Amino acid sequence: MSYNFDSFNPAQRAAVEYCDGPSLVIAGAGSGKTRVLTHKIAYLMSECGLQPWEILALTFTNKAAREMKERIDGIVGGDGAKHLWMGTFHSIFLRILRAEHEAIGFSANFTIYDTADSKSLLKTITKEMGLDDKTYKQSDVLGRISNAKNRLVSADDYVNSPEYFKADSQSRKPAIGSIYKRYANRCRQADAMDFDDILLYTFYLFEKNEDIRRKYVERFRYVLVDEYQDTNYAQHRIVYQLTKERQRLCVVGDDAQSIYSFRGANIDNILTFNKLYEGAQTFKLEQNYRSTQMIVNAANSLICKNRGQIQKNVFSENDPGERIKVSEAYSDVEEGQIVIRQIEHLRRAENAEYSDFAILYRTNAQSRVFEEALRKSGMPYKIYGGLSFYQRKEIKDIIAYFRMIVNPNDEEAFKRIINYPARGIGNTTLQKIIDCANNNSTSLWNVICNPEVYSLGLSNATMARVNVFRELIEKYMSIAATENAEEVGRGIVVDSGIYADVHSSSDAEDLVRQENVDELVSGLSDFVQSRLEEDNNNVTITDYLSEVSLLSDLDSDKGGDEHKITLMTIHSAKGLEFPTVFVVGLEENLFPSQMACESMREMEEERRLFYVAITRAERHCFLSYAKSRYRYGKMEFGNPSRFLSDIAPEYLDRRSTVKSSFGRSADVELPWKRKTNVYNDEPEFMRSNNAYSRPAAPSRTVSMPNISGGVSSFTPKVQNTDAFTPVTGIRRVSKVTDANVTNASAKSPEASASIAVGKHIEHQRFGIGVVEKIEGTGDQMKATINFNNLGKKQLLLKFARFKVID
DNA sequence: CCGATACGCATTTTT
DNA sequence: TGCGTATCGG
């Protein structure tokens, strides 16, 4: 009956066991946080009598949610985890908003605008309002709006707020309020929400509909929040709405690893948790099981330079380990070589795998040099970051068609595809449609569906072209509810002319587009397939869209990427660990970033970022900086990062540091030492975003054409197809042609016939498992399979792709 | 309406 | 440097 806590330390165990009231788990880096979280959920189910659907567990990534579910199934056995309400804030609340759409005045199929859609709409709006789009840069304006929403400030609140108006006026952007107002109206008109709206509307849904709030309070008998240090105010308040009566919640996080305040995360949520939830128990997980003592100590000595943290004592009882090595390189290229030499050395000395290494940097642009160096030396690597699959133009175009079919009022989708592929509808025509829609407070789609009502004033020829488009969309709208997503998707890709368009030429660029389109279609096919296997319902394009709208960069760990060196930004490395980590580019104005030097808040966030970087390392951690590097095509000279001197010297090995042969010596007279620490922190209510650009720091750029010639010859090709070239975003290794896709979805009647309880089968996606139960007959025949890696799943044999192996 | 060329401007980004 | 957008000419 009692839970097995054998392998837990006292703090971990206490954190798992305490379920009666609010609790805050401060989980130092590498302290087994995920383990506590997953076991706590298992414990709630097995020891506290909670059903999985009575538990709400909020994470920050889809990947985290997926991995935790798998681990929970592993602990509990069976497939209970799939009934948990576990997912990102956005996906969980989107689900609730769709169910309660009437209460917020949206239709059930409202669209989610991604950042590009939002910016595009803002651009349209600034133009309409006759504002200068240099003063009202879309990214700035969107940042402001986003920030307001994250603080639960609606458009109406905003225009009525003297503070916001004053701040905007001071930065000479007094119209932001009216832009926000107009933006919000347009989103509503288009039946669309942006990412931040998901939280904003959830808050208002609960705030204004007590009955609905009660319903979910009743449902969620226990609430858990992971990465609490990265929640913003809106998320924090929503959690409070759901937990204030019962107070049964557990938040887990580490204030020292808060690195997303630029996106609105508010570290105060975790720092003041005990005030909001009085009597909350605090548990500190302080033993680090990941890293050597040296690494932990070095990280501690760094992070204690920040103020205002929760007191804790992270320690390691692992090997003492070796000091952190610091290397100085003359150039960015040499820095790459240093890293490579070190990898070669450790491969020989410790028999290390390529996958044991990670190269972490502050900005994506830094990946170039390492890519080049690794390619030259023939080492396999993979790069994370860059354009995700769903951000590619050809993919966005297709998705825009899907969006139109599901919600024809979607203005951004409309703008994107009205003339793609080209059908002779230009900007003038589009502008007329938009103006007309604005004047009549309706959607673009309504305007083209009722041209006589809204007197569009288009020529007959143009109107005819518009009608072709309208009929195309209408045709698919009418079949979207009954046909499955794959049929609809294939149909639209061909019918719209996209297929012909990407096949119109065969240069390298177009080949990539073709592959992407094929990949989307095969992804669609996979999606339909896996949904069909698990239940019998029709899988529509609406289902598909609601699945992909919150999937930004599809976690590319699909396989085939083992045995490779990992290159990524420090931000994306959060939560990961590697035996050996290289933190590169430790230079002033790069890390810490130039942008962070004005405010202490941001400087401390940079320091936490460095802390995160170091604590990714299990055994070896290497730091490096280059005295010169190419930036924006120019050679720049830099100084070593102040962070290097933030680490206590007894944990560093700076032997390899060569004294500078030109310029200033690294350890003497550093520019920031002359500065007193006066930071211009913004007023509290507009903090933590990038909405206002700061005055640029004086440039120290020096042009050095002679040197630049030599170095620029390393410049990699843009489009590369050799074997080591990583593909950013997701990749499916298999090339799936039309024919293959159809074959792949074929049923396997022979397999279904020979299946029996006790037999082993190999499923195409789920791997190997044992048949535990068979029920139903004919098309309804289902089997319960216990998969080795995934636990139990019910499959509908009619659709399942597997073979019997014994 | 589309292509070519010029300009300007650059963090981090789980959603 | 190199990408994304703005503008002009066909």
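Just so you know, these numbers come straight off a predicted model, no measurement behind them. Just so we're on the same page: letters track the sequence lines, and every chain starts at 1.
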> Hey, does G575(A) reach any base, or is it just sugar-phosphate, or nothing, if we go heavy atoms under 4.0 Å?
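No contact.
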> Strictly below 4.0 Å: does S91(A) bring a side-chain N or O up to OP1 or OP2 of dT15(B)?
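Looking at the OP1 and OP2 atoms of dT15(B), neither is under 4.0 Å from any side-chain N or O of S91(A).
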> DNA chain B: L609(A) or D196(A), which has the more 5' nearest nucleotide?
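Counting from the 5' end, the first nearest nucleotide belongs to L609(A).
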> If each of S593(A) and R465(A) is mapped to the nucleotide of DNA chain B with the nearest heavy atom, which maps nearer the 5' terminus, i.e. the 5' end?
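The 5'-side residue here is R465(A).
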> Ignoring the backbone of K123(A), work out which of dT5(C), dC9(B), dG2(C) is nearest its side chain.
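So the side chain of K123(A) is nearest to dT5(C).
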> So, are R375(A) and E371(A) salt-bridged, with charged N and O less than 4.0 Å apart?
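So R375(A) pairs with E371(A) through a salt bridge.
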> Sequence neighbours excluded, which residues qualify as ring-ring contact (aromatic ring centres under 6.0 Å, His included) partners of F370(A)?
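None.
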> In whole Å, I'd like the distance from the CD1 atom of I112(A) to the C1' atom of dT15(B).
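Computing the I112(A):CD1 to dT15(B):C1' distance gives 10 Å.
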> Expressed in angstrom and rounded to an integer, what is the separation of R263(A) atom CZ from dT14(B) atom C1'?
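Atom CZ in R263(A) sits about 6 Å away from atom C1' in dT14(B).
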> Among dT1(C), dT12(B), dA6(C), which nucleotide sits nearest the side chain of Y632(A)?
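Of the options given, the side chain of Y632(A) lies nearest dT1(C).
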> Could you check whether D254(A) pairs with K33(A) (Lys NZ or Arg NE/NH1/NH2 to Asp/Glu carboxylate O, under 4.0 Å)?
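Answer for the salt bridge query: no.
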> Take the protein atom CG of N147(A) and the nucleotide atom C1' of dT13(B), then report the distance between them rounded to whole Å.
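Computing the N147(A):CG to dT13(B):C1' distance gives 15 Å.
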> Please report the shortest heavy-atom distance between R607(A) and N306(A), naming the atom on each side.
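Heavy atoms only, the tightest pair is NH1-OD1, 2.7 Å.
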> Hey, does E227(A) reach any base, or is it just sugar-phosphate, or nothing, if we go heavy atoms under 4.0 Å?
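If one applies the 4.0 Å heavy-atom cut-off, E227(A) turns out to touch nothing in the nucleic acid.
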> Grab the NE2-P distance between H90(A) and dT13(B) for me, whole Å please.
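Rounded to whole Å, this separation is 17 Å.
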> Where along residues 413-422 of chain A does a heavy atom fall under 4.0 Å from DNA chain B?
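N419(A), A422(A) - these, ordered by number, are the residues of the stretch whose heavy atoms sit under 4.0 Å from the strand.
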> Does a distance-only test, which skips hydrogens and angles, find a donor-acceptor pair under 3.5 Å between the side chain of R362(A) and the base of dT11(B)?
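Looking at the base of dT11(B), it does not pair with any donor or acceptor on the side chain of R362(A) (distance under 3.5 Å).
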> Within the 4.5 Å heavy-atom criterion, are K574(A) and T61(A) side-chain neighbours or not?
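The answer is no, as the side chains (C-beta and beyond) never meet within the 4.5 Å cut-off.
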> Please confirm whether the shortest side-chain N or O distance from N62(A) to OP1 or OP2 of dT15(B) is below 4.0 Å.
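Yes, N62(A) has a side-chain N/O under 4.0 Å of OP1/OP2 on dT15(B).
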> Using a heavy-atom cut-off of under 4.0 Å over every strand shown, decide if Y260(A) touches base, sugar-phosphate, or nothing.
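Result for Y260(A) = base.
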> Is the distance between the ring centroids of Y260(A) and F262(A) under 6.0 Å?
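Aromatic pair counts; centres sit under 6.0 Å.
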> Would you say N150(A) reaches dT15(B)'s phosphate, i.e. side-chain N/O to OP1/OP2 under 4.0 Å?
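No, because none of the side-chain N or O atoms of N150(A) sits under 4.0 Å from OP1 or OP2 of dT15(B).
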> Can you measure H571(A) atom NE2 to dT15(B) atom P for me and round it to whole angstrom units?
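Atom-to-atom, H571(A) to dT15(B), this comes out as 14 Å.
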> Categorize L590(A) for me: base, sugar-phosphate, or nothing, with a 4.0 angstrom heavy-atom threshold over every strand shown.
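It contacts nothing in the nucleic acid.
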> Which nucleotide wins on minimum distance to the side chain of D230(A), given the candidates dA6(C), dT14(B), dT11(B)?
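When the side chain of D230(A) is considered, dT14(B) is the closest of dA6(C), dT14(B), dT11(B).
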> Taking 4.0 Å as the cut-off, does a side-chain nitrogen or oxygen of N364(A) come that near to OP1 or OP2 on dT11(B)?
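So the side-chain polar atoms of N364(A) never come under 4.0 Å of the phosphate oxygens OP1 or OP2 of dT11(B).
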> Under 4.0 Å, heavy atoms only, any strand: does D114(A) hit a base, just the sugar-phosphate, or nothing?
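Here D114(A) touches no strand at all.
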> Over how many whole Å does the gap from L567(A) atom CG to dT12(B) atom P extend?
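That distance rounds to 15 Å.
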> Between K137(A) and dA10(B), is there a contact of a side-chain N or O with OP1 or OP2 at under 4.0 Å?
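True: K137(A) side-chain N/O within range (under 4.0 Å) of dA10(B) OP1/OP2.
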> Is L545(A) close to I399(A) at the side-chain level, that is, under 4.5 Å between some pair of heavy atoms?
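Yes, side chains in contact.
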> Give one of base, sugar-phosphate or nothing for T59(A), where a contact means two heavy atoms less than 4.0 Å apart.
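Result for T59(A) = nothing.
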> Nearest to the side chain of E602(A), which nucleotide is it out of dA10(B), dT11(B), dG2(C)?
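Among dA10(B), dT11(B), dG2(C), the one nearest the side chain of E602(A) is dT11(B).
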> Got a sec, which residues hit side chain to side chain contact (heavy atoms under 4.5 Å, CB included) with R465(A), two or more places apart in sequence or on another chain?
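Testing R465(A) for side chain to side chain contact (heavy atoms under 4.5 Å, CB included), a comparison that skips the adjacent residues, returns I425(A), A461(A), T462(A).
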> Rounded to the nearest Å, what distance is computed from the CD atom of residue E588(A) to the C1' atom of nucleotide dT11(B)?
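So the two atoms are 15 Å apart, to the nearest Å.
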> For F60(A) and dT12(B), what is the distance between atoms CZ and P respectively, to the nearest whole Å?
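Checked: the CZ to P distance equals 20 Å.
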> Are F262(A) and dT12(B) stacked, counting the six-membered base ring, centres under 5.5 Å, planes under 30°?
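One would call F262(A) stacked on the dT12(B) base.
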> Tell me what T569(A) touches on the nucleic acid: a base, only sugar-phosphate, or nothing, going by heavy atoms under 4.0 Å.
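Counting heavy atoms under 4.0 Å across all strands, the contact made by T569(A) is with sugar-phosphate only.
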> What pair of heavy atoms forms the shortest contact from A626(A) to D332(A), and how long is it?
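Shortest heavy-atom separation between A626(A) and D332(A) comes out as CB-N, 3.6 Å.
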